[in-house]
Colleague: 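Have a look at this one.
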Amino acid sequence: MTEQPKPREVFIQGITTDGRTFRPSDWAERLAGAMSCFRPGGTRSGRDAYLGYSPYCVPRVVNGVKCVIVNEALKSVEPMAWDFVMNFARDNKLQVVDACLLPDGREAGKA
C-alpha cells in the first residue's frame with residue numbers, strides 16, 4: 001500500500017513580481033477572511049459558530065512579508081475557491097512559492 005503524498009502548501013506573498021509591497025496592507029486578512037467558510041465539516045451556525053480562518057487558507061507574516069498560505073487540499077474541497085485565490089495572486093502579480101510551513105517551537109512539543 002502506497003502512502004498518499006501530503007498536500008502541498010502554496011505561499012502567496014505580498015510582494016509583486018516587480019518587487020513592490022502589495023497594498024492594501026490588510027490584503028492577506030481580507031483574502032483569508034473571504035475563504036473562511038471553506039473548512040473541514042463546513043460552516044457552523046448558532047452557538048457553535050465562531051469567527052476564524054479556514055485551515056486551508058491562513059494569513060501569516062513570514063520573514064517580514066505578509067503571506068496567505070493556501071493548502072492544496074482546498075482544491076479538492078472546493079475547486080472554485082482554489083481557482084479564486086490562485087487567480088487573485090496572478091491578477092495582482094503576486095509572488096507564489098511552493099513551500100511547507102513548519103511548526104514553531106511551541107507547536108512542535110504538542111502531540
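Keep in mind that the numbers below use all heavy atoms, side chains included, and drop hydrogens, waters and symmetry copies. One-based numbering along the sequence shown.
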Colleague: Kindly compute the distance separating CZ (Arg60) from OH (Tyr53), expressed to the nearest 0.5 Å.
Modeller: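 If I round to the nearest 0.5 Å, the distance is 9.5 Å.
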
Colleague: In Å, rounded to the nearest 0.5 Å, how long is the span from CD of Glu78 to CG of Asp83?
Modeller: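 Output value for this atom pair is 9.0 Å.
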
Colleague: Side chain to side chain contact (heavy atoms under 4.5 Å, CB included) for Glu29 and Lys66? Distances and angles first, verdict last.
Modeller: CA-CA 9 Å; Glu29 293 83 1; Lys66 278 205 172 193; 3.0 Å; yes

Colleague: What pair of heavy atoms forms the shortest contact from Val10 to Met86, and how long is it?
Modeller: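 For Val10 and Met86, the tightest heavy-atom pair comes out as CG1-CE, 4.0 Å.
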
Colleague: Looking at side-chain heavy atoms only, is the closest gap between Glu72 and Trp82 below 4.5 Å?
Modeller: yes

Colleague: Are Arg30 and Pro59 close enough that some pair of their side-chain heavy atoms sits under 4.5 Å apart?
Modeller: no

Colleague: Which pair of non-hydrogen atoms, one from Cys57 and one from Val85, has the smallest distance, and what is that distance?
Modeller: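 Result for this residue pair: SG-CG1, 4.3 Å.
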
Colleague: So which atom in Thr16 and which in Gln95 form the shortest heavy-atom distance, rounded to 0.1 Å?
Modeller: O-NE2, 3.0 Å

Colleague: In Å and rounded to the nearest 0.5 Å, what is the OH to CD1 distance from Tyr56 to Ile69?
Modeller: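 Between Tyr56 OH and Ile69 CD1, I get 15.5 Å after rounding to 0.5 Å.
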
Colleague: Give a yes or no on whether Val62 and Val58 share a hydrophobic cluster (residues Ile, Leu, Val, Met, Phe, Trp, Tyr; joining criterion: side-chain heavy atoms under 4.5 Å apart).
Modeller: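 They do share one cluster, since a chain of ILVMFWY contacts under 4.5 Å joins Val62 to Val58.
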
Colleague: Under 4.5 Å between side-chain heavy atoms, hopping through other hydrophobics if needed: is there a path connecting Val96 to Met35?
Modeller: yes

Colleague: Which value, rounded to the nearest 0.5 Å, describes the distance between Phe22 atom CZ and Asn92 atom CG?
Modeller: 3.5 Å

Colleague: Looking only at non-hydrogen atoms, find the nearest pair between Ala28 and Cys67 and report the distance.
Modeller: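 Ala28 and Cys67 have their closest heavy atoms at CB-O, 3.7 Å.
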
Colleague: Would you please test Val97 and Gln13 for side chain to side chain contact (heavy atoms under 4.5 Å, CB included) and show each step?
Modeller: CA-CA 8 Å; Val97 179; Gln13 299 179 325; 3.9 Å; yes

Colleague: Do the non-hydrogen side-chain atoms of Phe11 and Glu9 ever get within less than 4.5 Å of each other?
Modeller: yes

Colleague: Say you draw a straight line from CG of Asp98 to CZ of Arg8; how long is it, rounded to the nearest 0.5 Å?
Modeller: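 These two atoms lie 4.0 Å from each other.
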
Colleague: Would you say Asn71's side chain and Ala73's backbone share a donor-acceptor pair under 3.5 angstrom?
Modeller: yes

Colleague: In terms of hydrophobic clusters joined by side-chain contacts under 4.5 Å, are Val68 and Ile15 together?
Modeller: no

Colleague: Specify whether Phe88 and Trp27 have parallel, tilted or perpendicular ring planes, treating 30° as the upper limit for parallel and 60° as the lower limit for perpendicular.
Modeller: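 Parallel.
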
